[in-house]
*Asks:* 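One structure, pasted below without further comment.
Quick caveat: nothing in here was measured; it's all calculated off a predicted structure. Here is the naming used below: chain letters follow the sequence lines, and residue numbers restart at 1 for every chain.
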4 protein chains.
Amino acid sequence: MPEPQAASPRTPDATRRSERSRRAIYDAALALVTEVGYARTTVEGIASRAGVGKQTIYRWWPSKSAVLLDAYLDLAGQAAAEAQDGQDGAEAAGLPDTGDLAADLRAVLRATVDELNDPRFEAPTRALTAEGVVDGELGARFVERLLEPQLQLYVDRLTAAREAGQVRDGVDPRVAVELLVGPLTHRWLLRTRPLTHAYADELVEYALHGIAPRQAVEGA
Amino acid sequence: MPEPQAASPRTPDATRRSERSRRAIYDAALALVTEVGYARTTVEGIASRAGVGKQTIYRWWPSKSAVLLDAYLDLAGQAAAEAQDGQDGAEAAGLPDTGDLAADLRAVLRATVDELNDPRFEAPTRALTAEGVVDGELGARFVERLLEPQLQLYVDRLTAAREAGQVRDGVDPRVAVELLVGPLTHRWLLRTRPLTHAYADELVEYALHGIAPRQAVEGA
Amino acid sequence: MPEPQAASPRTPDATRRSERSRRAIYDAALALVTEVGYARTTVEGIASRAGVGKQTIYRWWPSKSAVLLDAYLDLAGQAAAEAQDGQDGAEAAGLPDTGDLAADLRAVLRATVDELNDPRFEAPTRALTAEGVVDGELGARFVERLLEPQLQLYVDRLTAAREAGQVRDGVDPRVAVELLVGPLTHRWLLRTRPLTHAYADELVEYALHGIAPRQAVEGA
Amino acid sequence: MPEPQAASPRTPDATRRSERSRRAIYDAALALVTEVGYARTTVEGIASRAGVGKQTIYRWWPSKSAVLLDAYLDLAGQAAAEAQDGQDGAEAAGLPDTGDLAADLRAVLRATVDELNDPRFEAPTRALTAEGVVDGELGARFVERLLEPQLQLYVDRLTAAREAGQVRDGVDPRVAVELLVGPLTHRWLLRTRPLTHAYADELVEYALHGIAPRQAVEGA
DNA sequence: CGATAAACGAGACGGTACGTCCCGTCTTTGC
DNA sequence: GCAAAGACGGGACGTACCGTCTCGTTTATCG
């Protein structure tokens, strides 16, 4: 039953789309970005490596960066699904909550450090971030689809902590999150210093002091 | 063919360099990046706009990004010189030290916010940062020539504060700096939230709490 | 899979063919060639204009030129049928034979001039002729199906004239035909000079002199 | 001293043109047309075979057919120069004039037959003629640069013959030329019959009868 | 002060990739 | 089971820039 309402002139029919090609394009795009870098990755190269016509790429994506974004989201989705399997599965992808806020944050930030240092992720993540810095639209989608959901997990965990009295009233959890994540990102993006577990621990320590209730600090 | 002793063919004679062309190239590069964005700024476009032969660009710079970096450093240098004129001039570009650490940091961070929001700086800064994220070598030069000297000013101010007992012993000033600057950069680069004075103030508050001496907090 | 007795997969069943589509394809092909020229007429364009799937064209024709050839033969057939209605119909499409060879040939050549100048025919005739010049196979079909039958009419008329003593013995009627038709075609194809009735008359005069019996010329 | 008047915006500087590339392009174009035919000759193919950038072709010619036209004119020029060397040289490329008109024309038409049957010329000549049939502008240039000069030689020879009383007064030499050349072209382009010396001789015989003075025929 | 050599403006060159148009094939859906 | 629709792998289009390479033309020391 063809939907008569939708589908403007130049809009292809998504139901006929080749899954095979989509996968091949994702794989080729990620491989090329990793191997030769973003600037030297070309649509033509992706098409040729994926064994696909160029038009098949241009039919579904407007630009190289858009392809890479989807390829990356797909990769992140897979990685998340795998990680999920290691947990009990029921309560989805929340941050751990053992009651020990500092320990929980250290674990998560250390994991983030590891991921950022993982060569499998490094090239595409850098490429997309850089592209998003310059191309507002791509950046917005990147943030919306990937970054914000992740930050929201921190916000949730910190909100819980505040309700448990571990965080000072009046602290904006959003700002608190950025106090942790901002420096990490800064170091990684700008390569000013190596990104280590020790750095993650230090950040957690300073940030938690910064947002702790006054008496909590006193009692420590 | 008499071989002169010095200066191989590939090394142009910098003393004969046309200052006029250099300036025109900087201006054209910055203007184009601002007007059409980094990706659509081309060496050919810069040359044509500057009324300069392409070879004159390739003679002195290896790539588009290198031109832009120099153009940007030139711009930053001018801006710094102007800002300098407002100060007493003798003790160069140190951070203010009124004794009130929080107030000093708020002032500096607010100024940074203003600069990042200045459309005159935004496009080239984003362009160079993004390029540096992906191109390690350019990034390194960008950091070395521009970012590190600035961060060092913070480090100096915080070191002074620590000696004055306003910062907890054992706190790494470098990490403390990143606690302030990292979140700011994060917000600006990724455009997750608007960059305001209020945000700068909040960061200073939380960060200072985080690195304050225990008793200082207690006594507050 | 039950193999039906006749019609291999590659041979579609012509009895089920859609007459409606065939007509629409002919019309679209001729219209496009006339409007945008042969080179910019595409199979996709014909299909879309005819409201027909591309495969419907490829099912029945091997190439763009083959479609156009059939479309043209169809058009020529219609034109011939119309012209026929003006005659007594019984003796089909022979050249007129009033006994005055020169007058008969003038009439026919003038009619040919008019047809070649008819914008309805010009574009497709040029397109097919040009294609046939380069593509031997298409050219052969074009000649066999269209040109040769027409030239044969001239041959017949001239043979009759020779038997009536109006043409010198030993003259090859085929060559004589080309003496008339060749120059006409030459002028039309190569656009060296305008194609007029006067030119047709002149050709008839010279050619008839050329093939006349010696005494006939003497007696004239 | 740069000429300030000439050279509109997008007009390249012809004085800097690479003769090497021009030659390579001509050779590649002619070779490809001969080897794979006009339709399957591509600008990309010519460029690649000539070891030349595509832009170098598009800088100097607007289309594939224009390239081929120039390549062909070059070839024809060379061939003419070679042929010239065989003659006494002084009186350029006029048709022979031995006083025997029929013999002279037979010689020339036979040479034309040989050239049209020469595989070295066949493919490009067909290609250009066909293209000119469809593309009026190219056709006009082809006729002007190549065909008309040749036909003019015939016109000159026939005019001389008329003055010598070998051609009837009142005969238009131009039409007379087409009486000879038209049928030849017709047979060659449309491949209706093989193109032979005998055919050339027959054409000369009939055509000369057609344009002979009345008494001349009588006296023959 | 005039010679000379380097930097300059200009832009042609061999290339690579762009994003688009069609090719001819294949697959899905509906009549 | 043909037909409309159109996605697919592929090839070529004509354009934009790349970075290199001559060209004359300034320009600015040096002999």
*Asks:* Could you give the CD1-to-P distance, from B:I46 to F:dG19, as a whole number of Å?
*Replies:* 11 Å

*Asks:* Is there a side-chain contact between C:T56 and the phosphate of F:dA4, meaning an N or O under 4.0 Å from OP1 or OP2?
*Replies:* yes

*Asks:* Just checking B:G51: base, sugar-phosphate only, or nothing, at a heavy-atom cut-off of under 4.0 Å?
*Replies:* sugar-phosphate

*Asks:* Any idea which of E:dG24, E:dC13, F:dA28 is nearest the D:R59 side chain?
*Replies:* E:dC13

*Asks:* For the pair made of OH in C:Y58 and C1' in F:dG6, what is the distance, rounded to whole Å?
*Replies:* 14 Å

*Asks:* Which part of the nucleic acid, if any, lies within reach of A:S21 when heavy atoms closer than 4.0 Å are counted: base, sugar-phosphate only, or nothing?
*Replies:* sugar-phosphate

*Asks:* Is D:K54 side chain donor-acceptor paired with the E:dG14 base, going by distance under 3.5 Å alone?
*Replies:* no

*Asks:* Could you give the CH2-to-P distance, from B:W61 to F:dG19, as a whole number of Å?
*Replies:* 15 Å

*Asks:* Taking the cut-offs as 6.0 angstrom to the six-membered ring centre and 45 degrees off its axis, would you call A:R22 and A:W60 a cation-pi pair?
*Replies:* no

*Asks:* In whole angstrom, what separates A:R40's CZ from F:dC17's P?
*Replies:* 21 Å

*Asks:* Which nucleotide in the list E:dA5, F:dC13, E:dA10 gets nearest to the side chain of D:R16?
*Replies:* E:dA10

*Asks:* Using a 6.0 Å cut-off, check whether atom CZ of D:R145 has over 12 heavy atoms from anything other than its own residue.
*Replies:* no

*Asks:* When the nearest nucleotide of DNA chain E is assigned to A:G45 and to B:S48 on a heavy-atom basis, which residue is associated with the more 5' position?
*Replies:* B:S48

*Asks:* Expressed in angstrom and rounded to an integer, what is the separation of A:E44 atom CD from E:dG15 atom P?
*Replies:* 16 Å

*Asks:* In whole angstrom, give the distance that lies between atom CD1 of D:I57 and atom P of F:dA12.
*Replies:* 14 Å

*Asks:* Rounded to whole angstroms, how far apart are CD1 on A:I25 and C1' on F:dC8?
*Replies:* 11 Å

*Asks:* Go nucleotide by nucleotide along DNA chain F from the 5' end; which of A:D13 and D:T42 gets its closest nucleotide reached first?
*Replies:* A:D13

*Asks:* Could you say whether C:G53 or A:S18 is positioned toward the 5' end of DNA chain F, judged by the nucleotide with the nearest heavy atom to each?
*Replies:* C:G53

*Asks:* Measure across B:V133 and A:R126 and return the closest heavy-atom pair with its distance rounded to 0.1 Å.
*Replies:* O-NH1, 3.1 Å

*Asks:* Test for a donor-acceptor pair under 3.5 Å between the base of F:dC21 and the side chain of B:Q55, counting only N and O atoms.
*Replies:* yes

*Asks:* Write down the distance between CD (C:E19) and C1' (F:dC2), rounded to a whole number of angstrom.
*Replies:* 15 Å

*Asks:* Around B:R20, counting heavy atoms of other residues, nucleotides and ligands shown, do more than 12 lie under 6.0 Å from its CZ?
*Replies:* no

*Asks:* Does C:T129 reach the main-chain N or O of C:T125 with its side chain, forming a donor-acceptor pair under 3.5 Å?
*Replies:* yes

*Asks:* Describe the nucleic acid contact of B:W60 in one word from base, sugar-phosphate, nothing, applying a heavy-atom distance below 4.0 Å.
*Replies:* sugar-phosphate

